[in-house]
Protein chains: 2
Amino acid sequence: MAGDKSEQTKDLVLQTALGMLRTRGYAKTTMRAIAAEAGVSLGSAYYYFASKDELVLELYRESVLEQRAAANTALAGRKGLSDRLKVALHAGVQALNPYHHFGGAFIASALPPHTAVNPFGAASTQAREEAIAIFADVIDGTKIPAYLRSQLPELLWLAYMGIVLFWVYDHSEDQRRTHTLIDGAAALIAKLVALSRLPVVKPLVEEALALKARVQS
Amino acid sequence: MAGDKSEQTKDLVLQTALGMLRTRGYAKTTMRAIAAEAGVSLGSAYYYFASKDELVLELYRESVLEQRAAANTALAGRKGLSDRLKVALHAGVQALNPYHHFGGAFIASALPPHTAVNPFGAASTQAREEAIAIFADVIDGTKIPAYLRSQLPELLWLAYMGIVLFWVYDHSEDQRRTHTLIDGAAALIAKLVALSRLPVVKPLVEEALALKARVQS
DNA sequence: ACTCATATTTGAACACGTTCAAATATGAGG
DNA sequence: CCTCATATTTGAACGTGTTCAAATATGAGT
């Protein structure tokens with residue numbers, strides 16, 4: 001049937017694009033270059049992918065899977081929220097490392113609300129849920145106050161987005177500053193979660209959760 | 001002398017660009033359109049401004065001045081951190097309102113590390129300091145624990161950047177959700193600052209400050 | 001007034017992402 | 001095998017930001 005050949009061509013374009021994005025970076029991965037390398041015409045590439053962003057979105061999706069896989073490996077045998085959070089975050093940004101030379105291009109094409117790659121947008125719902133699941137894995141088996149438990153993965157993901165943003169700008173060698181940030185932030189978050197049982201702190205956390213709910217609707 | 005005429009032309013291009021950006025938005029404000037409207041050639045526009053981003057940076061700078069002016073007006077007569085923070089933040093995003101239809105374009109051209117408009121980058125140092133000064137104004141005359149005082153403006157600016165990011169994506173009518181977020185966040189921050197005197201909370205805040213310092217170097 | 005180095009201006013040109021009408025291939029129904 | 005609607009492919013074209021060599025204007029030093 002036609003679907004088969006079509007599917008093959010689409011996949012050829014996609015794999016070519018992903019490969020070029022990884023090896024040559026965002027800027028040099030031109031739609032024309034992708035088409036040429038894949039041996040199809042420019043128009044054909046656009047027949048399967050409406051925009052370059054749509055191809056970058058695929059890369060983003062793959063990177064999230066890589067991040068989660070790396071995090072899960074790193075989580076094995078780790079106990080305690082602080083430790084688990086640390087290793088998951090380190091593994092996450094390490095999985096992102098091949099894309100650091102993208103510089104802002106990744107972020108730039110990711111953040112505009114109308115683009116497909118926007119991590120908060122509809123098109124990346126699936127990837128976002130996958131990313132949030134990383135932090136569901138992280139808190140799995142740790143002791144978290146019940147009133148906080150269900151919301152924590154999403155909150156941790158939000159913090160992770162902040163860390164990734166920091167990472168994008170981090171040009172220190174091997175992104176040392178990002179790793180410093182992760183160690184510190186993980187320890188802080190764990191302590192905050194522990195403190196969230198205390199009568200002085202609990203109302204504050206509850207208020208934050210209520211605000212989050214109010215703001216999302 | 002030559003500097004005069006040159007300065008005039010540069011200013012003509014700039015003012016034309018700012019006007020068009022405000023009225024027609026980012027996408028429709030083409031370098032060609034700017035040049036045509038200003039009555040100069042395309043090349044001339046580029047002689048004075050190396051990129052479109054550089055012109056957007058000027059708009060960003062102006063917007064920061066507007067934000068600060070609006071915040072200062074709103075701050076008059078307000079007492080208490082929560083209140084002052086609220087009115088300053090509301091005034092800030094309200095001053096940004098004319099640019100909301102920029103959508104992601106503003107952010108997109110602002111966030112890539114290499115571009116001029118990046119609020120964390122070197123090119124916008126001046127604008128960033130101006131923005132941070134807003135929050136120095138906010139805490140002026142309020143009671144803040146001494147160990148926290150000097151770092152607080154920058155921390156509040158960071159929180160504000162988060163709010164602006166939220167605002168970019170906020171398509172609720174009149175950005176109601178952003179204003180809800182501001183009210184809630186301001187109240188929370190004020191409570192957290194108050195709590196930061198307590199022996200249980202203080203070490204955590206101190207740890208956060210230490211991390212911030214460590215990560216910046 | 002003249003010279004000439006420098007400042008400014010110009011418009012063509014480039015590569016890019018994207019669109020589109022037209023050409024071609026495909027395959028189900030006869 | 002033929003027909004023809006539909007799926008796919010093509011390459012030219014558009015408008016964009018940006019670059020650049022060439023043309024022109026300017027003004028200080030003589």
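Order of the sequence lines sets the chain letters (A, B, ...), proteins ahead of strands, with each chain counted from 1. Only heavy atoms go into these numbers, but all of them, side chains included; no hydrogens, no water, no symmetry mates.
Between Tyr46(A) and dC20(C) there is no side-chain polar atom (N or O) within less than 4.0 angstrom of OP1 or OP2. For Thr9(A) and dT9(D), the shortest distance from a side-chain N or O to OP1 or OP2 is below 4.0 Å. Between Ser6(A) and the phosphate of dT8(D), there is a side-chain N or O to OP1/OP2 separation shorter than 4.0 Å. Between Ser41(A) and dT9(D) there is no side-chain polar atom (N or O) within less than 4.0 angstrom of OP1 or OP2. Distances shown here put every side-chain N or O of Tyr47(B) at or beyond 4.0 Å from the OP1 or OP2 atom of dT9(C).
Atom-to-atom, OH of Tyr26(A) to P of dC16(C) comes out at 12 Å; the value is rounded to the nearest Å. We find that CD of Glu54(A) is positioned 13 Å from C1' of dT18(C), with the value rounded to whole Å. Per the geometry, CZ belonging to Phe49(A) stands 18 Å off C1' belonging to dT19(C), to the nearest Å.
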Report, one pair per line, the protein and nucleotides 13-16 of chain D atoms (nitrogen or oxygen only) whose separation is under 3.5 Å.
{"from": "dT16(D)", "atom 1": "OP1", "to": "Thr30(B)", "atom 2": "OG1", "distance (Å)": "3.1"}

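Evaluation of the side-chain hydrogen bond (donor to acceptor under 3.5 Å, both in side chains) rule for Lys212(A) yields Gln151(A), Glu154(A) as partners, not counting sequence neighbours. When the side chain to side chain contact (heavy atoms under 4.5 Å, CB included) test is applied to Ala33(A), the partners found at least two apart in sequence or on another chain are Met20(A), Thr30(A).
We find that Glu7(A) and Lys10(A) are not joined by a salt bridge, their nearest charged nitrogen and carboxylate oxygen being 4.0 Å or further apart. The existence of a salt bridge linking Arg68(B) and Asp137(B) is confirmed by a sub-4.0 Å separation between a basic side-chain nitrogen and an acidic carboxylate oxygen. Residues Arg22(A) and Glu62(A) are paired through a salt bridge, judged by an N-O separation under 4.0 Å between the basic side chain and the carboxylate.
A cation-pi arrangement is found for Lys52(B) relative to Tyr26(B), the charged atom lying closer than 6.0 Å to the ring centre and inside a 45° cone about the ring normal.
If you check dA23(C) for Watson-Crick or wobble pairing at under 3.5 angstrom, you find it paired to dT8(D).
At the heavy-atom level, Tyr48(A) lies under 4.0 Å from the strands shown only through sugar-phosphate atoms.
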